[in-house]
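In what follows, chains are A, B, ... by sequence order, proteins preceding strands, each numbered from 1.
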There are 2 protein chains.
Amino acid sequence: MTEDHWTPPAAMIAVDLVILTLRESRLHVLLIERGVEPFKGTFALPGGFLEHVEEDLTAAAHRELAEEATMDVETLHLEHLGVYGSPRRDPRGRVVSVAYLAIAPRLPDPIAGSDAADARWQRADRVLSGELELAFDHRQIVEDGVERARTKLEYSALATAFCGPTFTITDLQRVYEAVWGIVLDPRNFYRKVQKTDGFIVAANQEHKATSGRPAKLFRAGPRKVLYPPMVRPTETSNTRGEE
Amino acid sequence: MTEDHWTPPAAMIAVDLVILTLRESRLHVLLIERGVEPFKGTFALPGGFLEHVEEDLTAAAHRELAEEATMDVETLHLEHLGVYGSPRRDPRGRVVSVAYLAIAPRLPDPIAGSDAADARWQRADRVLSGELELAFDHRQIVEDGVERARTKLEYSALATAFCGPTFTITDLQRVYEAVWGIVLDPRNFYRKVQKTDGFIVAANQEHKATSGRPAKLFRAGPRKVLYPPMVRPTETSNTRGEE
DNA sequence: ACAATAGTGTCTATTAGACAGTATCAA
DNA sequence: TTGATACTGTCTAATAGACACTATTGT
């Protein structure tokens, strides 16, 4: 903070959101099809400009999400992901974008809002591979968001945020497998999860119906940080080789 | 990114730097005494406004560091720490600050630059405790930076960045002890560090002179990520109770 | 009965934690 | 020889990884 006698050049502040969820055991990211130039017609992250000088950054993020995807996500926890401020990243001028990451439990199908032609869940791997091109530098932001999620699964209870209010241990295992792109041993996974106090708590004597033996249901426990962490296997025995 | 027909309010972009180092086995942070209003005369993090629309954020960070602290830190790696954008955090108007974290190996005593009355290394614990008050929300930024450093010591080779080009294993242990504020067992520390391939490499047959048995010198190895991580003891046996 | 999913038990190898003594220098 | 710092070895408890079987439901 220096220089009080001249006015430094100002920039527009944008917020962008990386919202991740699981659909059919695959990691998906919420994207909107842009309805206005620039990049009209291509997919982009939900987000937008700070609207007035008094608006808080996270407030702007929540507002944009509601506007563009009509998602009622008051409870959605937004975590700061990074700042993207390369001088030429937006053709309209100097835009510094603050990116947030959120994990969505279930899948309230988004509805396109005012400025977005369409809002959809898209497979994260298609974005990361470049198969689906995004506007601005949003592919990079998605990549950073996915990487953050992978890391946070290790030392935090983030995985439960991918699940609904109640879930089975198998559900939880699917989260790890989808985000990490590997296969885990159910026996070791059960043991590890069960003995990590406060990670998950039994949702008393409730069960679930499919075909096969009913499963016990659990809820997210109070513990947010995992000591010792879940360990990501070391680049071997990757059966379902995603990415 | 929406709204193309009106111009959103712009904000000033600032960069702030948390530079950490070790002096006399204690964690220190680089602060400057502000030479201009607001907060003239109080300490603050080095930093300042983006100067022109084409300037990159990290470029601005490096420039400010050179200007305010006259530190020649081309090689200093700046890591994005966070964004601080509360509407009222700066009395001059809407300022969104991008904070960076860096770890400095040795201690080239800083020289006060143009806008800073003074530039000094200050003990981090005095800042965190509130004993030394900082301008703006800089105490919070320092707190976030220190917490980040603590975490990164666990799963990255960051600790070597606190040391000079060569160092002894004891030097490295002092880094962990100072940042974590605990005491470690030298035997277990030696074993752990030695068997983590690529963490440190021997700087061949060089020694050091003090009083006592000479120590072998090492350099930072190629490994940047530590698997398995160094583990921070669990809140017990904290002999030298810092913080 | 069979299919399908849920759940458990054991053995082994590795690792962290606790702990005490030897080695090498200068004075 | 003493003081001061550098280094090393062992035992034990906890944990991860590998692996196969039993349990409970619907059809």
Side-chain angles (χ1 to χ4, degrees), chain A residues 24-25 153-155 163 166-177 180 182-197 199-219 226-239, chain B residues 24-25 153-155 163 166-177 180 182-197 199-218 226-240:
Chain A
E24 296 143 19
S25 296
L153 283 198
E154 295 182 52
Y155 63 88
C163 303
T166 63
F167 51 86
T168 70
I169 293 187
T170 303
D171 291 337
L172 198 62
Q173 185 179 337
R174 297 280 171 271
V175 173
Y176 279 91
E177 292 180 330
W180 284 351
I182 56 175
V183 173
L184 298 173
D185 183 302
R187 300 174 289 241
N188 295 337
F189 186 81
Y190 270 62
R191 182 184 55 192
K192 174 71 177 179
V193 165
Q194 300 262 30
K195 87 158 55 165
T196 302
D197 265 5
F199 187 8
I200 59 174
V201 296
N204 280 334
Q205 65 265 19
E206 310 182 61
H207 285 212
K208 194 188 173 187
T210 40
S211 76
R213 175 174 170 179
K216 294 176 189 160
L217 286 175
F218 295 85
R219 300 177 181 280
L226 269 32
Y227 278 129
M230 307 288 290
V231 279
R232 184 157 30 156
T234 54
E235 303 260 330
T236 32
S237 73
N238 182 339
T239 305
Chain B
E24 296 144 18
S25 297
L153 282 197
E154 295 183 51
Y155 64 86
C163 303
T166 62
F167 49 88
T168 70
I169 293 188
T170 302
D171 290 339
L172 197 62
Q173 185 180 337
R174 295 283 171 269
V175 172
Y176 278 90
E177 292 180 330
W180 284 351
I182 56 174
V183 173
L184 298 174
D185 183 302
R187 300 175 289 240
N188 295 337
F189 186 82
Y190 271 63
R191 180 182 58 192
K192 174 71 178 178
V193 165
Q194 301 262 29
K195 86 158 55 165
T196 303
D197 265 6
F199 187 8
I200 58 174
V201 295
N204 280 333
Q205 65 267 18
E206 311 182 60
H207 286 212
K208 196 188 171 186
T210 40
S211 78
R213 175 175 169 179
K216 295 177 190 160
L217 286 174
F218 295 85
L226 268 31
Y227 278 129
M230 306 289 290
V231 279
R232 190 162 18 163
T234 55
E235 305 262 329
T236 32
S237 74
N238 184 339
T239 304
R240 202 174 66 201

Ignoring hydrogens and angles, tell me if any N or O in the side chain of B:Gln173 forms a donor-acceptor pair with the backbone of B:Phe189 under 3.5 Å.
no

Atom-pair distance (OH on B:Tyr176; P on C:dA16), nearest Å:
13 Å

Distance check needed: D:dT25 P versus A:Leu217 CG, whole Å only.
14 Å

Measure distances between side-chain N and O atoms of B:Arg191 and base N and O atoms of D:dG9, and say whether any donor-acceptor pair falls under 3.5 Å.
no

Reading nucleotides 21-27 of chain C from the 5' end, what letters show protein touch, with B for base, S for backbone sugar-phosphate only, - for no heavy atom under 4.0 Å?
--BBB--

Touch check for A:Gln194, heavy atoms < 4.0 angstrom, all strands: base, sugar-phosphate only, or nothing?
sugar-phosphate

Within this structure, what is the CG-to-P distance between B:Leu184 and D:dC7, rounded to whole angstrom?
16 Å

Qualifying residues under side-chain hydrogen bond (donor to acceptor under 3.5 Å, both in side chains), relative to A:Thr168, sequence neighbours excluded
A:Asp171

Within the structure shown, what part of the strands sits under 4.0 Å from A:Thr168 by heavy-atom distance: base, sugar-phosphate, or nothing?
nothing

For the pair B:Glu154 (side chain) and B:Arg232 (backbone), establish whether a donor and an acceptor sit closer than 3.5 Å, ignoring hydrogens and angles.
no

From NZ of A:Lys192 across to P of D:dA18 the rounded distance in Å is 15 Å

Figure out the CZ/C1' separation between B:Arg174 and D:dT5, and round it to whole Å.
10 Å

Given C:dG7, D:dA6, C:dA16, which nucleotide is nearest the side-chain atoms of B:Thr170?
D:dA6

When you measure from the side chain of A:Tyr176 to the backbone of A:Leu153, do you find a donor-acceptor pair of N or O atoms at a distance under 3.5 Å?
yes

Tell me the interatomic distance from A:Arg232, atom CZ, to D:dG17, atom C1', rounded to whole angstroms.
18 Å

Hey, could you give me the CG/NZ distance between B:Asn188 and B:Lys192, rounded to the nearest 0.5 Å?
11.0 Å

Separation of atom NZ in B:Lys195 from atom P in C:dG17, rounded to whole Å
12 Å

Of the listed nucleotides (C:dG7, D:dT8, C:dA16), which one gets closest to any side-chain atom of B:Lys216?
D:dT8

Main chain of B:Met230, side chain of B:Tyr155: is a donor-acceptor contact present, judged purely on distance under 3.5 Å?
no

Output all residues satisfying salt bridge (Lys or Arg N to Asp or Glu O under 4.0 Å) with A:Arg187, sequence neighbours left out; order by chain, then residue number.
A:Asp185

Of B:Asp185 and B:Pro229, the one whose closest nucleotide on DNA chain C sits nearer the 5' end is B:Pro229

Separation of atom OH in B:Tyr227 from atom P in D:dT15, rounded to whole Å
20 Å

Against the side chain of A:Tyr190, the closest entry in C:dA6, D:dG17, D:dT15 is C:dA6

